[in-house]
Protein chains: 2
Amino acid sequence: MLVAARELLAERGLEALTMRALAERLQVSPNALYSHVAGKTALIDEILDGVLAEVEAPPADLEDPVAGLDSLMASTYGVLLAHAELVPLFLARQGARGPNAQRLGDVMLALLARAGVTGRRAREALRVLLVYTIGFAAFATRPPIEASGAREPPSAEMLANFDSGLGWLLTGIVSPSR
Amino acid sequence: MLVAARELLAERGLEALTMRALAERLQVSPNALYSHVAGKTALIDEILDGVLAEVEAPPADLEDPVAGLDSLMASTYGVLLAHAELVPLFLARQGARGPNAQRLGDVMLALLARAGVTGRRAREALRVLLVYTIGFAAFATRPPIEASGAREPPSAEMLANFDSGLGWLLTGIVSPSR
DNA sequence: ACCTGAACACCGTTCAAGT
DNA sequence: ACCTGAACACCGTTCAAGT
(Lines give C-alpha, C1' and ligand atoms only; values in the text may rest on other atoms or scores of the structure.)
Protein backbone atom coordinates (compact mmCIF):
# COMPACT_ATOMS: atom_id res chain seq x y z
CA MET A 1 0.00 0.00 0.00
CA LEU A 2 2.85 2.39 0.81
CA VAL A 3 4.60 1.59 -2.44
CA ALA A 4 1.34 1.98 -4.37
CA ALA A 5 0.88 5.39 -2.77
CA ARG A 6 4.39 6.43 -3.69
CA GLU A 7 3.90 5.27 -7.27
CA LEU A 8 0.67 7.20 -7.52
CA LEU A 9 2.41 10.28 -6.16
CA ALA A 10 5.35 9.95 -8.53
CA GLU A 11 3.21 9.30 -11.58
CA ARG A 12 0.28 11.60 -11.13
CA GLY A 13 1.21 14.06 -8.42
CA LEU A 14 -0.16 15.26 -5.17
CA GLU A 15 -3.76 15.87 -6.11
CA ALA A 16 -4.08 12.36 -7.48
CA LEU A 17 -3.24 10.82 -4.13
CA THR A 18 -6.71 10.02 -3.04
CA MET A 19 -7.88 7.13 -0.94
CA ARG A 20 -10.22 6.12 -3.72
CA ALA A 21 -7.58 6.27 -6.43
CA LEU A 22 -5.23 4.32 -4.22
CA ALA A 23 -7.90 1.68 -3.66
CA GLU A 24 -8.56 1.43 -7.36
CA ARG A 25 -4.88 0.92 -8.09
CA LEU A 26 -4.81 -1.87 -5.53
CA GLN A 27 -8.02 -3.29 -7.03
CA VAL A 28 -9.77 -3.01 -3.74
CA SER A 29 -12.68 -1.03 -2.39
CA PRO A 30 -11.87 2.35 -0.85
CA ASN A 31 -12.79 1.42 2.67
CA ALA A 32 -10.57 -1.66 2.63
CA LEU A 33 -7.62 0.70 3.08
CA TYR A 34 -8.76 1.45 6.58
CA SER A 35 -7.81 -2.03 7.62
CA HIS A 36 -4.18 -1.02 7.07
CA VAL A 37 -3.94 2.60 8.00
CA ALA A 38 -5.79 4.86 10.39
CA GLY A 39 -6.56 7.52 7.83
CA LYS A 40 -5.15 9.61 5.05
CA THR A 41 -2.94 11.81 7.20
CA ALA A 42 -1.46 8.77 8.89
CA LEU A 43 -0.64 7.43 5.45
CA ILE A 44 0.99 10.70 4.47
CA ASP A 45 3.01 10.76 7.68
CA GLU A 46 4.35 7.30 6.90
CA ILE A 47 5.30 8.33 3.39
CA LEU A 48 7.05 11.50 4.52
CA ASP A 49 8.99 9.77 7.26
CA GLY A 50 10.01 7.05 4.84
CA VAL A 51 11.57 9.61 2.53
CA LEU A 52 13.73 10.93 5.36
CA ALA A 53 15.42 7.53 5.57
CA GLU A 54 17.36 8.65 2.49
CA VAL A 55 19.02 11.51 4.33
CA GLU A 56 22.70 10.74 4.82
CA ALA A 57 24.30 11.25 8.19
CA PRO A 58 27.45 13.38 8.03
CA PRO A 59 30.69 11.43 7.43
CA ALA A 60 32.09 10.06 10.66
CA ASP A 61 35.54 11.50 10.03
CA LEU A 62 34.20 15.04 10.24
CA GLU A 63 35.44 16.53 13.47
CA ASP A 64 33.78 19.91 12.88
CA PRO A 65 30.16 19.80 14.07
CA VAL A 66 29.26 22.88 12.02
CA ALA A 67 30.52 21.18 8.88
CA GLY A 68 28.44 18.20 9.95
CA LEU A 69 25.32 20.33 10.20
CA ASP A 70 26.10 21.83 6.83
CA SER A 71 26.43 18.39 5.31
CA LEU A 72 23.32 17.06 7.02
CA MET A 73 21.10 19.92 5.92
CA ALA A 74 22.49 19.80 2.39
CA SER A 75 21.65 16.12 2.24
CA THR A 76 18.17 16.82 3.55
CA TYR A 77 17.74 19.51 0.93
CA GLY A 78 18.83 17.10 -1.78
CA VAL A 79 16.40 14.45 -0.62
CA LEU A 80 13.56 16.97 -0.60
CA LEU A 81 14.37 18.07 -4.14
CA ALA A 82 14.46 14.43 -5.21
CA HIS A 83 10.87 14.16 -4.00
CA ALA A 84 9.62 17.50 -5.19
CA GLU A 85 6.03 16.38 -5.30
CA LEU A 86 6.13 15.77 -1.54
CA VAL A 87 7.52 19.15 -0.55
CA PRO A 88 4.10 20.80 -0.19
CA LEU A 89 3.19 18.01 2.21
CA PHE A 90 6.33 18.58 4.24
CA LEU A 91 5.36 22.22 4.41
CA ALA A 92 1.81 21.48 5.43
CA ARG A 93 2.89 18.98 8.09
CA GLN A 94 5.88 21.17 9.01
CA GLY A 95 8.34 18.36 8.61
CA ALA A 96 7.60 14.78 9.38
CA ARG A 97 6.97 12.71 12.44
CA GLY A 98 8.12 9.18 12.87
CA PRO A 99 11.33 7.36 13.66
CA ASN A 100 13.40 8.86 10.85
CA ALA A 101 12.40 12.42 11.66
CA GLN A 102 13.13 11.72 15.30
CA ARG A 103 16.57 10.36 14.48
CA LEU A 104 17.35 13.31 12.25
CA GLY A 105 16.36 15.72 15.00
CA ASP A 106 18.53 13.90 17.49
CA VAL A 107 21.55 13.99 15.20
CA MET A 108 21.04 17.71 14.69
CA LEU A 109 20.79 18.37 18.40
CA ALA A 110 23.93 16.33 19.05
CA LEU A 111 25.87 18.29 16.45
CA LEU A 112 24.59 21.56 17.86
CA ALA A 113 25.63 20.49 21.35
CA ARG A 114 29.11 19.68 20.09
CA ALA A 115 29.17 23.16 18.60
CA GLY A 116 28.33 24.60 21.99
CA VAL A 117 24.66 25.27 21.30
CA THR A 118 22.32 23.72 23.83
CA GLY A 119 18.98 24.13 25.52
CA ARG A 120 16.42 26.54 24.16
CA ARG A 121 18.83 28.06 21.68
CA ALA A 122 19.48 24.61 20.24
CA ARG A 123 15.78 23.94 19.78
CA GLU A 124 15.40 27.32 18.13
CA ALA A 125 18.33 26.66 15.84
CA LEU A 126 16.82 23.32 14.88
CA ARG A 127 13.58 25.05 13.99
CA VAL A 128 15.32 27.70 11.92
CA LEU A 129 17.35 25.16 10.00
CA LEU A 130 14.30 23.06 9.22
CA VAL A 131 12.26 26.09 8.19
CA TYR A 132 15.03 27.26 5.95
CA THR A 133 15.62 23.88 4.35
CA ILE A 134 12.02 22.92 3.74
CA GLY A 135 11.09 26.43 2.69
CA PHE A 136 13.93 26.63 0.23
CA ALA A 137 13.02 23.28 -1.24
CA ALA A 138 9.49 24.56 -1.75
CA PHE A 139 10.66 27.62 -3.60
CA ALA A 140 13.18 25.69 -5.66
CA THR A 141 10.46 23.28 -6.59
CA ARG A 142 7.71 25.56 -7.72
CA PRO A 143 7.81 28.89 -9.55
CA PRO A 144 8.45 31.89 -7.31
CA ILE A 145 5.55 34.24 -6.86
CA GLU A 146 7.06 37.11 -8.79
CA ALA A 147 7.25 34.64 -11.67
CA SER A 148 9.02 36.80 -14.17
CA GLY A 149 9.65 34.27 -16.85
CA ALA A 150 11.35 30.95 -17.31
CA ARG A 151 10.51 28.02 -15.11
CA GLU A 152 13.86 26.48 -14.37
CA PRO A 153 14.46 23.08 -12.85
CA PRO A 154 16.29 23.06 -9.50
CA SER A 155 19.61 24.37 -10.74
CA ALA A 156 23.18 24.18 -9.51
CA GLU A 157 22.84 27.87 -8.88
CA MET A 158 19.85 27.32 -6.66
CA LEU A 159 21.78 24.74 -4.73
CA ALA A 160 24.68 27.15 -4.37
CA ASN A 161 22.28 29.77 -3.12
CA PHE A 162 20.90 27.33 -0.60
CA ASP A 163 24.41 26.58 0.59
CA SER A 164 25.22 30.27 1.01
CA GLY A 165 22.19 30.95 3.11
CA LEU A 166 22.84 27.83 5.14
CA GLY A 167 26.36 29.03 5.81
CA TRP A 168 25.12 32.43 6.95
CA LEU A 169 22.67 30.83 9.30
CA LEU A 170 25.18 28.42 10.78
CA THR A 171 27.65 31.22 11.35
CA GLY A 172 25.07 33.17 13.26
CA ILE A 173 23.83 30.20 15.23
CA VAL A 174 27.21 29.33 16.66
CA SER A 175 28.35 32.91 17.18
CA PRO A 176 28.05 34.17 20.78
CA SER A 177 24.58 35.49 21.60
CA ARG A 178 24.13 39.19 22.04
CA MET B 1 -18.07 38.53 0.44
CA LEU B 2 -14.42 39.17 1.30
CA VAL B 3 -15.31 40.39 4.77
CA ALA B 4 -17.58 37.39 5.30
CA ALA B 5 -14.73 35.10 4.29
CA ARG B 6 -12.36 36.82 6.69
CA GLU B 7 -14.89 36.56 9.51
CA LEU B 8 -15.39 32.87 8.82
CA LEU B 9 -11.64 32.37 8.85
CA ALA B 10 -11.16 34.29 12.08
CA GLU B 11 -14.05 32.59 13.86
CA ARG B 12 -13.83 29.02 12.72
CA GLY B 13 -10.44 28.60 11.11
CA LEU B 14 -9.07 27.40 7.85
CA GLU B 15 -11.03 24.20 7.39
CA ALA B 16 -14.30 26.02 7.84
CA LEU B 17 -13.63 28.27 4.87
CA THR B 18 -15.73 26.46 2.37
CA MET B 19 -17.67 27.91 -0.50
CA ARG B 20 -20.81 26.35 0.91
CA ALA B 21 -20.27 27.69 4.41
CA LEU B 22 -19.51 31.09 2.99
CA ALA B 23 -22.70 30.99 0.95
CA GLU B 24 -24.73 30.02 3.99
CA ARG B 25 -23.28 32.89 5.99
CA LEU B 26 -24.29 35.26 3.22
CA GLN B 27 -27.72 33.60 3.03
CA VAL B 28 -27.21 32.76 -0.58
CA SER B 29 -26.88 29.57 -2.57
CA PRO B 30 -23.35 28.20 -3.03
CA ASN B 31 -23.15 28.78 -6.73
CA ALA B 32 -24.15 32.42 -6.38
CA LEU B 33 -20.61 33.09 -5.18
CA TYR B 34 -19.32 32.40 -8.66
CA SER B 35 -20.92 35.58 -9.86
CA HIS B 36 -18.36 37.46 -7.75
CA VAL B 37 -15.22 35.41 -7.83
CA ALA B 38 -13.68 33.02 -10.31
CA GLY B 39 -13.18 30.22 -7.80
CA LYS B 40 -11.96 29.37 -4.37
CA THR B 41 -8.29 29.92 -5.03
CA ALA B 42 -9.00 33.32 -6.54
CA LEU B 43 -10.87 34.16 -3.35
CA ILE B 44 -7.95 33.02 -1.23
CA ASP B 45 -5.53 35.04 -3.30
CA GLU B 46 -7.60 38.13 -2.71
CA ILE B 47 -7.69 37.51 1.02
CA LEU B 48 -3.95 36.91 1.26
CA ASP B 49 -3.06 39.95 -0.76
CA GLY B 50 -5.40 42.07 1.32
CA VAL B 51 -3.55 41.08 4.48
CA LEU B 52 -0.28 42.30 3.00
CA ALA B 53 -1.72 45.80 2.85
CA GLU B 54 -1.00 45.93 6.59
CA VAL B 55 2.74 45.58 6.09
CA GLU B 56 4.44 48.86 6.93
CA ALA B 57 7.02 50.30 4.60
CA PRO B 58 10.28 51.15 6.35
CA PRO B 59 10.48 54.69 7.78
CA ALA B 60 11.53 57.20 5.18
CA ASP B 61 14.30 58.64 7.34
CA LEU B 62 16.20 55.36 7.27
CA GLU B 63 19.23 55.84 5.09
CA ASP B 64 20.52 52.28 5.60
CA PRO B 65 18.85 49.93 3.09
CA VAL B 66 19.77 46.87 5.16
CA ALA B 67 18.03 48.35 8.17
CA GLY B 68 15.11 49.02 5.86
CA LEU B 69 14.99 45.37 4.81
CA ASP B 70 15.21 44.34 8.43
CA SER B 71 12.31 46.59 9.31
CA LEU B 72 10.25 45.51 6.32
CA MET B 73 10.65 41.79 6.97
CA ALA B 74 9.98 42.26 10.68
CA SER B 75 6.76 44.07 9.83
CA THR B 76 5.80 41.29 7.42
CA TYR B 77 6.49 38.72 10.10
CA GLY B 78 4.33 40.62 12.56
CA VAL B 79 1.48 40.83 10.08
CA LEU B 80 1.70 37.10 9.40
CA LEU B 81 1.59 36.31 13.12
CA ALA B 82 -1.42 38.59 13.47
CA HIS B 83 -3.17 36.38 10.93
CA ALA B 84 -1.93 33.03 12.13
CA GLU B 85 -4.81 31.14 10.60
CA LEU B 86 -3.73 32.31 7.13
CA VAL B 87 -0.11 31.27 7.40
CA PRO B 88 -0.70 27.75 6.03
CA LEU B 89 -2.29 29.36 3.01
CA PHE B 90 0.68 31.65 2.49
CA LEU B 91 2.85 28.56 2.63
CA ALA B 92 0.70 26.65 0.18
CA ARG B 93 0.55 29.57 -2.24
CA GLN B 94 4.18 30.46 -1.51
CA GLY B 95 3.37 34.04 -0.72
CA ALA B 96 0.63 36.02 -2.33
CA ARG B 97 -0.04 37.49 -5.70
CA GLY B 98 -1.79 40.72 -6.29
CA PRO B 99 -1.01 44.42 -6.07
CA ASN B 100 0.17 44.42 -2.46
CA ALA B 101 2.51 41.48 -2.95
CA GLN B 102 3.81 43.15 -6.08
CA ARG B 103 4.45 46.40 -4.24
CA LEU B 104 6.19 44.60 -1.39
CA GLY B 105 8.44 42.79 -3.82
CA ASP B 106 9.31 46.03 -5.57
CA VAL B 107 10.21 47.74 -2.29
CA MET B 108 12.43 44.81 -1.36
CA LEU B 109 14.19 44.85 -4.71
CA ALA B 110 14.74 48.62 -4.44
CA LEU B 111 16.27 48.25 -0.98
CA LEU B 112 18.47 45.39 -2.16
CA ALA B 113 19.61 47.50 -5.10
CA ARG B 114 20.53 50.35 -2.77
CA ALA B 115 22.52 47.78 -0.77
CA GLY B 116 24.40 46.85 -3.92
CA VAL B 117 22.52 43.61 -4.59
CA THR B 118 21.06 43.39 -8.06
CA GLY B 119 20.11 40.98 -10.81
CA ARG B 120 19.90 37.30 -10.14
CA ARG B 121 21.39 37.60 -6.70
CA ALA B 122 18.70 40.10 -5.75
CA ARG B 123 15.94 37.75 -6.91
CA GLU B 124 17.52 34.95 -4.93
CA ALA B 125 17.83 37.11 -1.85
CA LEU B 126 14.18 38.06 -2.18
CA ARG B 127 13.24 34.41 -2.31
CA VAL B 128 15.36 33.53 0.71
CA LEU B 129 13.92 36.36 2.77
CA LEU B 130 10.36 35.39 1.90
CA VAL B 131 11.00 31.72 2.60
CA TYR B 132 12.55 32.53 5.91
CA THR B 133 9.83 34.92 6.98
CA ILE B 134 6.84 32.83 5.95
CA GLY B 135 8.46 29.63 7.18
CA PHE B 136 9.26 31.11 10.54
CA ALA B 137 5.73 32.41 10.91
CA ALA B 138 4.47 28.89 10.23
CA PHE B 139 6.66 27.37 12.90
CA ALA B 140 5.88 30.11 15.39
CA THR B 141 2.22 29.56 14.73
CA ARG B 142 1.91 25.83 15.09
CA PRO B 143 3.69 23.36 17.38
CA PRO B 144 7.12 22.28 16.16
CA ILE B 145 7.41 18.70 15.05
CA GLU B 146 9.71 17.63 17.85
CA ALA B 147 6.92 18.86 20.11
CA SER B 148 8.47 18.13 23.43
CA GLY B 149 6.01 19.81 25.68
CA ALA B 150 4.29 23.11 26.17
CA ARG B 151 2.52 24.85 23.31
CA GLU B 152 3.50 28.46 23.71
CA PRO B 153 1.92 31.41 21.96
CA PRO B 154 4.19 33.40 19.64
CA SER B 155 6.54 34.76 22.27
CA ALA B 156 8.89 37.71 22.49
CA GLU B 157 11.64 35.14 22.47
CA MET B 158 10.43 33.70 19.20
CA LEU B 159 10.40 37.18 17.73
CA ALA B 160 13.94 37.76 18.98
CA ASN B 161 14.96 34.47 17.38
CA PHE B 162 13.39 35.54 14.13
CA ASP B 163 15.30 38.82 14.28
CA SER B 164 18.59 37.03 14.88
CA GLY B 165 18.21 34.74 11.91
CA LEU B 166 17.07 37.66 9.79
CA GLY B 167 20.20 39.55 10.78
CA TRP B 168 22.42 36.60 9.87
CA LEU B 169 20.77 36.30 6.50
CA LEU B 170 21.02 40.01 5.71
CA THR B 171 24.67 40.06 6.67
CA GLY B 172 25.39 37.23 4.29
CA ILE B 173 23.29 38.63 1.49
CA VAL B 174 25.12 41.95 1.36
CA SER B 175 28.56 40.48 1.97
CA PRO B 176 30.72 40.09 -1.16
CA SER B 177 30.01 36.86 -3.03
CA ARG B 178 32.62 34.14 -2.95
C1' DA C 1 -7.32 -10.52 9.62
C1' DC C 2 -9.05 -8.48 5.67
C1' DC C 3 -12.46 -7.50 2.56
C1' DT C 4 -17.27 -5.64 0.45
C1' DG C 5 -21.78 -2.91 -0.17
C1' DA C 6 -23.96 0.71 1.11
C1' DA C 7 -24.26 4.80 3.01
C1' DC C 8 -23.17 9.45 5.34
C1' DA C 9 -21.78 13.86 5.21
C1' DC C 10 -19.50 16.56 2.88
C1' DC C 11 -16.63 19.16 -1.19
C1' DG C 12 -15.93 22.68 -5.66
C1' DT C 13 -18.05 23.70 -9.77
C1' DT C 14 -21.26 24.03 -13.95
C1' DC C 15 -25.43 24.73 -16.46
C1' DA C 16 -29.83 26.35 -17.65
C1' DA C 17 -33.13 29.24 -16.24
C1' DG C 18 -35.19 33.03 -13.88
C1' DT C 19 -35.46 38.40 -12.32
C1' DA D 1 -25.99 41.90 -13.04
C1' DC D 2 -27.07 38.59 -9.78
C1' DC D 3 -29.49 34.92 -8.16
C1' DT D 4 -31.68 29.80 -7.79
C1' DG D 5 -32.49 24.62 -8.51
C1' DA D 6 -30.58 20.84 -9.85
C1' DA D 7 -27.03 18.27 -10.93
C1' DC D 8 -22.13 16.40 -11.72
C1' DA D 9 -18.16 14.46 -10.27
C1' DC D 10 -15.86 13.94 -6.77
C1' DC D 11 -13.92 13.53 -1.50
C1' DG D 12 -12.74 10.90 3.45
C1' DT D 13 -14.78 7.91 6.49
C1' DT D 14 -18.00 4.62 9.07
C1' DC D 15 -20.82 0.66 9.78
C1' DA D 16 -22.59 -3.82 9.44
C1' DA D 17 -21.81 -7.88 7.37
C1' DG D 18 -19.29 -11.44 5.11
C1' DT D 19 -14.92 -14.86 4.55
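Per chain, numbering begins at 1; letters A, B, ... match sequence-line order. Just so it is clear, the structure is predicted and the values come from calculations on it, not from any experiment.
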Q) Taking the P atom of each, how far is D/dA9 from C/dA9, in whole Å? A) 23 Å

Q: Search all heavy atoms of A/Ser75 against all heavy atoms of A/Glu56 and return the closest pair with its distance.
A: OG-N, 2.9 Å

Q) What distance separates A/Met1 CE from A/Ser35 OG, expressed to the nearest 0.5 Å? A) 9.5 Å

Q | Nearest atoms (heavy-atom pairs only) where B/Leu33 meets B/Met19 | A | CD1-O, 3.1 Å

Q. Nearest heavy-atom pair of A/Val37 and A/Leu43: which atoms, and what distance?
A. CG2-N, 3.7 Å

Q) Nearest 0.5 Å, what's the CE-CG distance between A/Met73 and A/Leu129? A) 5.0 Å

Using a cut-off of under 3.5 Å, enumerate the N/O to N/O pairs linking the protein to nucleotides 15-17 of chain C.
none

Q) Which heavy atom of B/Pro88 sits nearest a heavy atom of B/Leu14, and at what distance? A) CB-CD2, 3.8 Å

Q. For DNA chain C, what is the dot-bracket line, given that a base pair needs Watson-Crick (N1 to N3, plus N6-O4 or O6-N4) or G-U wobble (N1-O2 and O6-N3) geometry with both distances under 3.5 Å, and | means paired with another strand?
A. ||.|||||...|||||.||

Q. Which of residues 15-30 of chain B sit near DNA chain C, with a heavy atom under 4.0 Å from it?
A. B/Thr18, B/Met19, B/Arg20

Q) With distance as the sole test, does B/Arg25 use its side chain to make a donor-acceptor pair with the main-chain N or O of B/Glu7 at under 3.5 Å? A) no

Q. Quick one: is A/His36 getting a side-chain N or O under 4.0 Å of the C/dA1 phosphate, OP1 or OP2?
A. no

Q) For A/Asn100, does its backbone N or O pair with a side-chain atom of A/Asp49 as donor and acceptor, under 3.5 Å? A) yes

Q: May I have the distance from B/Lys40 (atom NZ) to C/dC11 (atom P), rounded to whole angstrom?
A: 9 Å

(Q) Can you check the distance between D/dC2 and C/dA16, where both ends of the measurement are the C1' atom (answer in whole Å)? (A) 15 Å

(Q) Testing the basics here: between B/Ser71 and B/Pro59, what is the closest heavy-atom pair and its distance to 0.1 Å? (A) OG-CD, 3.9 Å

Q: Looking only at non-hydrogen atoms, find the nearest pair between A/Ile47 and A/Arg6 and report the distance.
A: CG2-CG, 4.3 Å

**Q.** Out of D/dC3, C/dC2, C/dT14, whichever nucleotide has its closest atom nearest the side chain of B/Tyr34
**A.** C/dT14

Q | Aromatic ring proximity A/Phe136/B/Tyr132, centre distance under 6.0 Å | A | no

